[in-house]
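Notes for the one structure printed next.
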2 protein chains.
Amino acid sequence: MAKADFSPIADTTRRAEIVALLRRAILTGQLAPGQKLNELRISEQMRVSRAPLREAMRELVQEGILTSIPYAGTFVIEVTAKDIDDAYSFNKVMDELAIERAWPLRDQRFFDELDRRHEAVKQATRALDTTRQIETALQLHGLIYEWADNSVLLETWQRLTSRLQMYFALHQHARNEPVPAEDVHETYVRLLKGKDMRAAQCHAREHIDLDFEELLAYARGLEQRPSRGA
Amino acid sequence: MAKADFSPIADTTRRAEIVALLRRAILTGQLAPGQKLNELRISEQMRVSRAPLREAMRELVQEGILTSIPYAGTFVIEVTAKDIDDAYSFNKVMDELAIERAWPLRDQRFFDELDRRHEAVKQATRALDTTRQIETALQLHGLIYEWADNSVLLETWQRLTSRLQMYFALHQHARNEPVPAEDVHETYVRLLKGKDMRAAQCHAREHIDLDFEELLAYARGLEQRPSRGA
DNA sequence: TCTTGTTAGATTGTCGACAATCTGCTTGTC
DNA sequence: GACAAGCAGATTGTCGACAATCTAACAAGA
């Protein structure tokens, strides 16, 4: 008898689809930080009633990318330099932990998946698809968390990912220049395949540094901007 | 002119109150793990309609203490030994980080607040109020996170706190014996006031160990139990 | 007996309408 | 002109009812 392991079927509620749509809109920068989400207008655009839309918004508030003020509205979170700095410095420590935990669990499947995700980043880079490039880079980075075999650690990473993706998207939008053609993840992947865990941890820390330094400079620049979107 | 700093007024939506009520019911063990939440029944008991109740439930799902299956229902999360182990090992690392970050920021206000929270634990212990004892102990523990000046770190701790409180409450319910009269936090507080950061970090790690070891043993005991609540 | 199709009941998901609240403008008064 | 009161208009919060889906019991057939 053939063993077939089926994955759970997709959630087919409107709410789940609305969550995905809104999240995408926020993380790609279609909805600017500070912008208010008008329930009636959005529900009409999506052709749904306000009930599932509001439930979806509650989820995104808890996810940390929306913020809600009773009787005033729900807004895309503002981004301050300190927010980015906090996320950055937290991420550094988390990365060290994740690599440490995932290290002894690496196997052929890990390496294959690593290559697959690396390839996805390179493809997005070649296609000049900046949104997808950010997305795939974070997925590549997230592999060590998936492999660390700690549900709390993974969940924390996933929450953080939302905001990181938003930050990087903002940055890209702001400077509005083509993505770097070079492969900045080459060393990261190579070290994760190697034998020196310390080296991998150090590189991860510095590699993150590079990306974040630019991001921080950008964020400091737009500090104290009103930024109520259209 | 006198400077008056007002705190924001309380959220006066039904949703916020429902969230608080449900969270309390879960964290104190009034709602058992795995138990299904019947929307109609709860909404009638609370004298509210299902709309704000459902929104509240969505928040708690994102908070990680409820889980939802479309068209099947919303349930209190199950607790496995691995969940507790994951939370425990994650917490150890986070604690070290929080102490490191909070250490240079300690001041008189920190020490005063430390004493205040320590006192609250001792009072709950004397009153044999186990629920409040767990709550205050976590608040005492949370001070280093509030002082670490990192929003992401603090938020992660707060999310974790919900589940920790639930785990400890379950444990207390299960063994159903009076709380220890001795003051287990004495050393922790003393070290946080001292000059040796490493010592404080080590103690935090071992201190957590003590509590968790018992908890883990308990969790391993009830593994593979069906546990669908009444 | 086991499997499959059907049906009734209960529960969740969604909708449209009403109530509560906020915002900005207008009006009147000093 | 400055300021407070009051009045629309718009928006959020809440409600009750309907539609979609699941579960479990039951009947029919191999």
Side-chain angles (χ1 to χ4, degrees), chain A residues 1 4 6-23 25-26 31-32 34-62 65-77 226-230, chain B residues 6 8-23 25-26 31-32 34-63 65-77 226-230:
Chain A
M1 180 163 59
F6 296 103
S7 57
I9 64 169
D11 293 351
T12 51
T13 61
R14 297 188 197 281
R15 182 182 68 239
E17 291 192 43
I18 296 171
V19 166
L21 274 177
L22 281 181
R23 186 189 290 121
I26 297 165
L31 289 167
Q35 184 166 354
K36 177 173 175 178
L37 276 70
N38 186 311
E39 295 178 1
L40 194 59
R41 200 164 54 79
I42 294 177
S43 69
E44 282 170 354
Q45 284 181 2
M46 290 191 181
R47 307 286 184 82
V48 295
S49 77
R50 284 173 54 221
L53 172 63
R54 283 173 58 86
E55 290 182 18
M57 285 163 76
R58 267 349 112 202
E59 289 191 22
L60 294 176
V61 166
Q62 283 304 109
I65 58 180
L66 289 182
T67 180
S68 163
I69 303 172
Y71 290 107
T74 305
F75 308 83
V76 179
I77 56 165
S227 89
R228 296 273 142 168
Chain B
F6 296 104
I9 64 168
D11 293 352
T12 51
T13 62
R14 295 188 198 282
R15 182 182 68 239
E17 291 192 43
I18 297 170
V19 166
L21 273 176
L22 281 181
R23 186 189 289 120
I26 297 166
L31 288 168
Q35 184 166 351
K36 178 174 176 178
L37 277 68
N38 186 311
E39 296 177 2
L40 195 59
R41 200 165 53 79
I42 294 177
S43 68
E44 282 171 352
Q45 284 181 2
M46 291 191 180
R47 306 287 182 81
V48 295
S49 78
R50 284 173 55 222
L53 172 63
R54 283 174 60 86
E55 290 183 17
M57 285 164 77
R58 264 353 110 201
E59 288 191 22
L60 294 176
V61 167
Q62 283 305 108
E63 200 172 305
I65 59 179
L66 289 181
T67 181
S68 163
I69 303 173
Y71 290 107
T74 305
F75 308 83
V76 179
I77 55 165
S227 90
R228 294 274 144 171

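The figures that follow rest on heavy atoms only: side chains count, while hydrogens, waters and symmetry mates do not. Just so we're on the same page: letters track the sequence lines, and every chain starts at 1.
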What is the distance from atom [atom1] of [X] to atom [atom2] of [Y], rounded to the nearest 0.5 Å?
X       : Y       : atom1 : atom2 : value
B:Arg54 : B:Leu37 : CZ    : CG    : 12.5 Å
A:Leu31 : A:Leu66 : CG    : CG    : 8.5 Å
A:Ile77 : A:Gln35 : CD1   : CD    : 13.5 Å

Between B:Asn38 and A:Pro52, name the one whose nearest nucleotide on DNA chain C is closer to the 5' end. B:Asn38
Taking for each residue the nucleotide of DNA chain C bearing the nearest heavy atom, is the 5' side occupied by B:Glu39 or by B:Ala51? B:Glu39
Rounded distance in Å - [atom1] ([X]) to [atom2] ([N]):
X       : N      : atom1 : atom2 : value
A:Ile69 : D:dG13 : CD1   : P     : 11 Å
A:Phe75 : D:dT11 : CZ    : P     : 12 Å
A:Arg41 : D:dG9  : CZ    : P     : 21 Å
A:Glu44 : C:dG16 : CD    : P     : 10 Å
A:Tyr71 : D:dT12 : OH    : P     : 12 Å
B:Ile42 : C:dT12 : CD1   : C1'   : 13 Å
B:Leu37 : C:dT12 : CG    : P     : 9 Å
B:Arg47 : D:dT14 : CZ    : P     : 17 Å

Students often get this wrong, so: under 4.0 angstrom with heavy atoms, is A:Ile18 touching a base, only sugar-phosphate, or nothing? nothing
B:Arg15 near the nucleic acid: base, sugar-phosphate alone, or nothing, with a heavy-atom cut-off under 4.0 Å? sugar-phosphate
OP1 or OP2 of [N] sitting under 4.0 Å from any side-chain N/O of [X]?
X       : N      : result
B:Arg14 : D:dC15 : yes
A:Arg54 : D:dT12 : no
A:Ser49 : C:dC15 : yes

Given that B:Ala72 and B:Arg50 both sit by DNA chain D, which one's nearest nucleotide is further toward the 5' end? B:Arg50
Against A:Arg50, only a single residue in A:Glu55, A:Glu39, A:Glu44 fulfils side chain to side chain donor-acceptor pair (under 3.5 Å); can you say which? A:Glu39
To the side chain of A:Glu55, which of D:dT12, C:dT14, D:dG13 is closest? C:dT14
Non-hydrogen side-chain atoms of B:Met46 and B:Leu22 separated by less than 4.5 Å: yes
